[in-house]
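Have a look at the structure below before the remarks.
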Protein chains: 2
Amino acid sequence: MAERRHDPQRRDRIIDSALAVIAGNGVAGTTHRKVAQHADVPLGSMTYHFTDMDELLLEAFTRYADRIFQRYSERVLAAHSIDDLIGAVADLVHRDLVQSPEDLVLSLELYTLAARQPEFRRITHRWMRNSRSALERFVDSETAFDLDALIEGLFIHTSLDQTARPRADTERAVRRLLT
Amino acid sequence: MAERRHDPQRRDRIIDSALAVIAGNGVAGTTHRKVAQHADVPLGSMTYHFTDMDELLLEAFTRYADRIFQRYSERVLAAHSIDDLIGAVADLVHRDLVQSPEDLVLSLELYTLAARQPEFRRITHRWMRNSRSALERFVDSETAFDLDALIEGLFIHTSLDQTARPRADTERAVRRLLT
DNA sequence: TAGCTATGTGTACGATTGTACTTATGATCG
DNA sequence: CGATCATAAGTACAATCGTACACATAGCTA
């Protein structure tokens with residue numbers, strides 16, 4: 001038998017590896033074996049730390065949503081005026097999101113799961129609620145919903161479209177919505 | 001051997017069955033056998049009519065995108081004024097899209113594939129281009145991009161959120177964006 | 001320190017899958 | 001009307017998967 005390792009953060013590493021494998025292969029192409037290999041862990045560890053594939057996916061996407069929201073709220077809460085907010089949104093759409101295509105894949109994979117399974121919808125629920133309440137420091141709750149939706153749509157369409165969308169266009173659109 | 005059937009539209013039926021199975025089980029849970037069963041067709045027919053699982057998915061989502069765009073453009077092109085357009089968009093978000101949760105699942109599954117595979121991105125490309133050019137009957141192309149993105153975001157967030165979003169809010173948001 | 005428990009490791013197994021392949025048959029057209 | 005070929009049907013097979021399980025060992029606690 002190979003050398004046994006003391007590895008206290010193994011569970012954490014498996015979760016991060018799961019996100020990496022999902023980003024590369026999609027949920028459909030994610031297997032215990034691929035995640036185990038990426039985490040440099042024997043197959044047996046998978047069933048020890050996670051009873052289910054679903055449990056692994058659930059924890060992975062929970063971590064992902066928290067991570068993305070943190071970046072989101074950092075940008076948004078750093079603003080001190082509506083003009084700042086418009087710039088922050090443009091940063092989100094044109095800098096953060098586009099720079100890492102991984103995030104597009106992972107977000108869409110999560111939405112796809114959420115559309116069919118209530119457990120995952122709880123993750124997106126919390127995510128959306130958090131995002132909106134960050135925006136509500138600047139606008140009323142109805143407008144926060146609209147703005148969050150616009151950011152979502154711009155993110156997806158800008159990422160999928162691939163043709164460089166001018167940042168000024170995004171700023172103009174956000175400004176209009178906030179009027 | 002069972003009775004042989006003359007079945008000229010079998011290929012078509014398989015494609016529609018694929019969409020039904022995807023809506024119910026996701027792309028990840030879609031197998032040749034499930035699609036064959038739904039289409040009431042022997043397993044052998046799958047590899048005869050489609051060389052690949054990918055070919056089947058590609059044809060299925062191509063059909064789906066065309067179908068959705070047709071409904072979309074019917075709504076949009078029936079409008080004769082900006083006010084009409086605002087109502088048409090509200091219809092899209094609050095009537096068409098929410099009424100069939102299937103469409104949410106299928107759209108997200110398609111986006112998910114498009115995020116990782118260029119073949120599927122060609123489908124979403126064409127879809128978005130078509131949608132925008134319908135909108136360009138009423139607004140300039142930059143605004144068409146924004147509006148299409150807003151519709152997308154509202155569709156996803158309204159569907160996933162589940163809390164009844166007032167139609168008036170959507171109309172107000174669209175009106176702001178078109179100012 | 002003794003022993004117990006949490007953690008790590010290797011492997012086996014039944015189920016399911018995509019796909020290929022053989023054979024059969026009916027529609028079509030010269 | 002007969003031959004040909006596109007289509008239909010059934011089955012086989014290797015690969016891969018999730019999961020279970022038996023066994024080993026290190027760290028903690030009493």
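So that the names make sense, note that chain A is the first sequence line, chain B the second, and so on, each numbered from 1.
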With side chains defined as the heavy atoms from C-beta onward, is the minimum distance between B/Trp127 and B/Leu110 less than 4.5 Å?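 They are in side-chain contact.
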
4.5 Å side-chain heavy-atom contact, A/Phe69 and A/Arg126: no

Would one find more than 12 heavy atoms of other residues, nucleotides or ligands at under 6.0 Å from atom CD of A/Glu55?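 Atom CD in A/Glu55 is packed in, count exceeds 12.
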
Against B/Ile151, only a single residue in B/Thr170, B/Val174, B/Val89 fulfils side-chain contact (heavy atoms from CB on, under 4.5 Å); can you say which?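 Option passing the side-chain contact (heavy atoms from CB on, under 4.5 Å) with B/Ile151: B/Val89.
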
Considering only heavy atoms, which members of residues 28-54 of chain B lie under 4.0 Å from some atom of DNA chain D? B/Arg33, B/Pro42, B/Leu43, B/Gly44, B/Tyr48, B/His49

Residues from residues 8-16 of chain A sitting under 4.0 Å of DNA chain D, heavy atoms only?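 The answer is none.
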
Say you draw a straight line from CD of A/Glu102 to OG of A/Ser107; how long is it, rounded to the nearest 0.5 Å? 11.0 Å

Are A/Asp91 and A/Arg71 close enough for a salt bridge, meaning some N to O gap below 4.0 Å? no

In whole Å, what is the span from the CG atom of B/Asp7 to the C1' atom of C/dT25? 15 Å

Atom pair distance, as rounded to whole Å: CG in B/Asn25 and P in C/dT17: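 Result: 10 Å.
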
Determine, step by step, whether A/Leu104 and A/Leu160 satisfy the side-chain contact (heavy atoms from CB on, under 4.5 Å) criterion, reporting the C-alpha distance in whole Å, the side-chain angles of both residues, the deciding distance to 0.1 Å, and the verdict. CA-CA 9 Å; A/Leu104 175 67; A/Leu160 283 183; 4.0 Å; yes

Which residues satisfy the side chain to side chain contact (heavy atoms under 4.5 Å, CB included) test with B/His125, sequence neighbours excluded? A/Asp161, B/Arg121

